[in-house]
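Working notes, beginning with the structure itself.
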Amino acid sequence: MATDSDAALGRDVFRAPKGTRDVLAPESDRWIEIITRFGARARRYGYGLVITPVFEHYEVFARIGESTDVVSKEMYDFLDKGDRRIALRPEGTAGAVRAYVEHRPTPPWKVFYVAPNFRYERPQAGRYRQHYQIGAEVMGVDDPAVDVEMIDLLGGFYREIGLNSVRLVINSMGDAETRRRYREVLLEYWRAHSTLLGDTMERAEQNPLRVLDSKKPEFKEMLQHAPQITEYLTDSAGNHFEQVQAGLRSIGNHFEVEPRLVRGLDYYTSTLFEFRSDSLAAGQDTVGGGGRYDKLAQEMGGPATPAIGFGCGVERLLIVADADGALAPSPARVDAYVVDAVGTADVVVLLHELREAGVASDRAYGGRSLKKQWAAADKSGARYGVMLAPREMETGHVVVKDLTNGQQIEIRRDEVAAWIAVNTQRRDF
RNA sequence: GUGGCUGUAGCUCAGGUGGUUAGAGCGUCGGGUUGUGAUCCCGAAGGCCGGGGGUUCGAGUCCCCUCAGUCACCCCA
């Protein structure tokens, strides 16, 4: 079996596999923040949570485009025990579209998700084999107002959590007629430069648009003079793109039109957008992005359904957050810390009362010395230390100490939970 | 998938030209103070020096392979 050979290869099998990692507290506190804020905002915009399987039949994801790297070389696929060809989700849209086609909800179908994606590729900072994306999709509406709403949803989220280094770039892939004409012109242009392109010429023949975002320095000048898709937009495609831009302006959203913006997945049509940050490495500076995919539902056997969506990489978002000084983990994790000088079951009761009263609270275990318990109370970041001690207990009191200034008072045992609750009110996630 | 760099305690890192029992700071645990933290002092635990092979009397140190991380590509969130 493979497990034996892994060990033989010198792989430490009791470590997270290559390209994966564990997220522990307090780092994971930031994930809670991201997920809850994004979820709250999406619901405010009228989106509902959708949960689709982590794996699907291979063919679902293959619709992303056979010529894309995601499908041709990065798919985590395998045969299951029933000989089904299964693949782990490489991105969020395909599964959501499959669910739409399967359930046929009444449009507009507005959904959001937070889910892991899998791609078999060489890991780097901000690029993992298992990474998480938050995303959203709207199916069944062609209105450019939806394009604007989506961009506003993601851009507003970035602003809310304090990412101030992200900038928005947009482009349009036009309609089928646009792409047919543009593809021809572009391919001619590539052929005229085939010696310079070298190996990339193969890709140019296969998918002319994808050459546009090559990072090779020697292509820079050639790319700058390449024909631009915005010159080839048909009237209706151009009109849609104009309305999107007008909508973005009307809500004060700054953006740049980048005619060379293309995205890695073949299903995109019409509006395309990306949020980039200079805090990320040059070749992978996209925090999140998406676009229209008006033909995908049909390709999965559903009705013709205009649609648009985006994905945003959580790990990358965190890199940007660090650079921008956003999403700092909150220092205090509890409000109260119980110190036990009596050794009775009353500690258990008091903690229960505190927690039921909404007070985040903790204690030391294992009968440690008072000194150690108070040290632990200090380290916990709690505002108050509550000590159960024999002398005060005799008169029905406990000691409450404000750990920020060392002041100590006595409070009635039966009132202490309520007293601390009102003195530590705070917003919890 | 291709190429470069890195890999010593939980964390951050020291360990000229190979030489006895591998160190520090922080953190953890215990004690000084068995009714009191944030200062101070003392002590302890904790290391297949990423893994394997080789050169050598002797390898954390040199060579090869490998695993992992990281950077640049391909590409992508």
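Nothing here was measured: the structure is a model prediction, and the numbers come from that model. Note on naming: letters A, B, ... go to the chains in the order of the sequence lines (proteins, then strands), and numbering restarts at 1 for each one.
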### Message
Quick check on RNA chain B: between Trp374(A) and Val262(A), whose nearest nucleotide comes earlier from the 5' end?
### Response
Trp374(A)
### Query
Which of the following nucleotides, G35(B), A68(B), G31(B), is nearest to the side chain of Lys18(A)?
A68(B)
### Task
For RNA chain B, just give me the dot-bracket, please: Watson-Crick or G-U, both distances below 3.5 Å, ( ) intra-strand, [ ] crossing earlier pairs, | paired with another strand, . unpaired.
(((((((..((((.....[...)))).(((((.......))))).....(((((..]....))))))))))))....
Distance-only criterion, 3.5 Å: show the donor-acceptor pairs between side-chain atoms of residues 192-201 of chain A and protein atoms not counting sequence neighbours.
{"from": "His193(A)", "atom 1": "ND1", "to": "Tyr189(A)", "atom 2": "O", "distance (Å)": "2.9"}
{"from": "Ser194(A)", "atom 1": "OG", "to": "Arg191(A)", "atom 2": "O", "distance (Å)": "3.2"}
{"from": "Thr200(A)", "atom 1": "OG1", "to": "Leu197(A)", "atom 2": "O", "distance (Å)": "3.4"}

### Message
Test: side-chain hydrogen bond (donor to acceptor under 3.5 Å, both in side chains). Region: residues 39-54 of chain A. Which pairs qualify, not counting sequence neighbours?
### Response
Arg41(A)-Tyr45(A), Arg41(A)-Glu160(A), Tyr45(A)-Asp152(A), Tyr47(A)-Glu149(A), Thr52(A)-Arg89(A)
### Task
Can you figure out which of G1(B), A77(B), G37(B) approaches the side chain of Arg122(A) most closely?
G1(B)
### Query
Does Trp190(A) have its ring centroid less than 6.0 Å away from the ring centroid of Phe219(A)?
no
#### Entry: Nearest listed nucleotide, side chain of Arg368(A), among G37(B), G30(B), U70(B)
G30(B)
### Query
Where the side chain of Glu392(A) is concerned, which of G31(B), G35(B), G3(B) is the nearest nucleotide?
G35(B)
### Task
Select from Ala281(A) and Glu121(A) the residue whose nearest nucleotide in RNA chain B is closer to the 5' end of that strand.
Ala281(A)
### Task
Have a look at Gly92(A) and say if it touches a base, only the backbone sugar-phosphate, or nothing, with a 4.0 Å heavy-atom cut-off.
nothing
### Query
Which nucleotide in the list A38(B), G35(B), U28(B) gets nearest to the side chain of Asp378(A)?
A38(B)
### Query
Quick one, which residues of residues 123-130 of chain A touch RNA chain B with a heavy atom under 4.0 Å?
Gln124(A), Ala125(A), Gly126(A), Arg127(A), Tyr128(A)
### Task
Side chain of Arg119(A) only, please: which of G32(B), G30(B), A77(B) is the nearest?
A77(B)
Identify every side-chain donor-acceptor pair in residues 310-322 of chain A under 3.5 Å, counting partners at least two apart or on other chains, and give the distances.
{"from": "Glu315(A)", "atom 1": "OE1", "to": "Tyr132(A)", "atom 2": "N", "distance (Å)": "3.1"}
{"from": "Glu315(A)", "atom 1": "OE2", "to": "Tyr132(A)", "atom 2": "N", "distance (Å)": "3.2"}
{"from": "Arg316(A)", "atom 1": "NE", "to": "Gly126(A)", "atom 2": "O", "distance (Å)": "3.1"}
{"from": "Arg316(A)", "atom 1": "NH1", "to": "Thr286(A)", "atom 2": "O", "distance (Å)": "3.2"}
{"from": "Asp322(A)", "atom 1": "OD1", "to": "Arg30(A)", "atom 2": "NH1", "distance (Å)": "2.9"}
{"from": "Asp322(A)", "atom 1": "OD1", "to": "Arg30(A)", "atom 2": "NH2", "distance (Å)": "3.3"}

### Task
Check whether the side chains of Ser67(A) and Asp266(A) place a donor and an acceptor atom closer than 3.5 Å, and report yes or no.
yes
### For RNA chain B, the residues among residues 66-75 of chain A that have a non-hydrogen atom under 4.0 Å from it
Asp69(A), Lys73(A), Glu74(A)
### Summary
All heavy atoms of Asn171(A) vs all of Pro259(A), minimum pair found to be ND2-O, 3.2 Å
